[in-house]
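Only one structure is covered here, and it is reproduced in the block below.
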Amino acid sequence: MVEGEELRDRFVGAALRVVAEHGPAGLTVRRVAEEAGSSTMGVYSRFGSRTGMLEALYERAFAMLRDAFARVPVTGDAAADVRALALAYRAFGLESPARYAFMFERAVPGFDPGPRLRTEALGSTFGVLAAAVGRAAAPQAAAHDAYLVWAVLHGTVGIELAHRERTDLPGWSAAADREGVYLDGLAALWRGLGLDGP
């Protein structure tokens, strides 16, 4: 690795630690620089701006999700593969809710990754899920079905993260088996799409 890449990696690693410890609101240039053992000028010299630093973090976070998907073996059984990817997606979100919020919500005021960056990031991850769904779906419906699967996964993980630190409500028994509810939702959608259930 050349020196510039090492420095970039150090700053992005620091930003990942900051977002985990302080949440997206803590992603200031000063805090990231301090975490990296550098100065704010070092961040500006490497990324040009706070936005540049946040874009690099955004890229890295999606690369981490892509790596999590890459660790899921492809078995040839589309339903089993989608279920395994779903579990990897949930584990990724639960591992760092703040990182997940940074990736998918407008968690940092004023930061909105541009269309090119968002397209590349989402394509590199959603594309893995879409390929697995596409092995079971009709070609003309594959993209549509994959989007619905992602919506169920993303929505269910989002609800779980929003309520994970709260006391469970009496009568909401589904909250006791969050992973089971998550997989039940996926299975119900899969059957509803006319595919062989996961």
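Below, all heavy atoms of this structure are taken into account, side chains as well, without hydrogens, waters or symmetry copies.
One finds the CZ atom of R71 at 11.0 Å from the CZ atom of F69 (value rounded to the nearest 0.5 Å). Note: L54 CG to D112 CG = 11.5 Å, rounded to the nearest 0.5 Å. Interatomic distance, L195 CG to L189 CG, rounded to the nearest 0.5 Å: 8.0 Å. M53 CE to Y58 OH: the interatomic distance, rounded to the nearest 0.5 Å, is 15.5 Å. Separating the CD atom in E6 from the CZ atom in F11 is a distance of 12.5 Å, to the nearest 0.5 Å. Here the CD-CG distance, from E55 to L117, works out to 5.5 Å after rounding to the nearest 0.5 Å.
A68 and A88 make their closest contact through O-CB, 4.3 Å (heavy atoms, listed as atom of the first residue, atom of the second, distance). Pairing each heavy atom of A137 with each of D145, the nearest pair is CB-OD2, 3.5 Å. Contact record, F47 with A56: CE2-CB, 3.5 Å, taken as the closest heavy-atom pair. Of all heavy-atom pairs spanning V152 and L186, the tightest one is CG1-N, 4.1 Å. Looking at every heavy atom in both residues, F126 comes nearest to A146 through CE1-O, 3.6 Å. Residues V43 and A33 come closest through the heavy atom pair CG2-CB, 3.8 Å.
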task: Could you walk me through whether F102 and L27 pass the side chain to side chain contact (heavy atoms under 4.5 Å, CB included) test, one step at a time?
output: CA-CA 10 Å; F102 173 75; L27 285 166; 3.9 Å; yes
- request: Any chance you could lay out the side chain to side chain contact (heavy atoms under 4.5 Å, CB included) test for L87 and E179, step after step, and finish with the verdict?
  value: CA-CA 8 Å; L87 290 171; E179 183 176 295; 3.9 Å; yes
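For R30 and T40, the side-chain atoms include no donor-acceptor pair closer than 3.5 Å. A side-chain donor-acceptor contact under 3.5 Å links Y100 and Y89.
The shortest distance between side-chain heavy atoms of V149 and H154 does not fall below 4.5 Å. The side-chain heavy atoms of M103 and F92, taken from C-beta on, include a pair separated by under 4.5 Å. No side-chain heavy atom of E5 sits less than 4.5 Å from a side-chain heavy atom of D9. Looking at L16 and M64, their side chains come closer than 4.5 Å, going by heavy atoms from C-beta outward. Considering only heavy atoms from C-beta on, R90 comes within 4.5 Å of R178 through its side chain. In this structure the side chain of R10 reaches within 4.5 angstrom of the side chain of L7, judged on heavy atoms. Contact of the V12 side chain with the V32 side chain is not registered, since no non-hydrogen atoms from C-beta on lie closer than 4.5 Å.
For the pair R99 and F104, the cation-pi test (distance below 6.0 Å, angle within 45°) is failed.
Sorted by first then second residue, the salt bridge (charged side-chain N to carboxylate O under 4.0 Å, His left out) pairs that include residues 120-141, not counting sequence neighbours, are D81-R135, R116-E120.
Formation of a donor-acceptor pair under 3.5 Å by the S38 side chain with backbone atoms of E34 is not found in this model. Under the 3.5 Å distance criterion, the side-chain polar atoms of T156 are left unmatched by any main-chain donor or acceptor of L153.
A tilted orientation is assigned to the rings of W150 and Y147, their planes being inclined by 30° to 60°.
A chain of hydrophobic side-chain contacts below 4.5 Å, direct or via other Ile, Leu, Val, Met, Phe, Trp or Tyr residues, connects V72 to L65.
Counting heavy atoms of neighbouring residues, nucleotides and ligands inside a 6.0 Å radius, atom NE2 of H144 does not exceed 12 of them. The number of heavy atoms from other shown groups lying within 6.0 Å of CZ (R118) does not exceed 12.
In summary, R8 and E59 engage in a salt bridge, as defined by a charged side-chain N under 4.0 Å from a carboxylate O.
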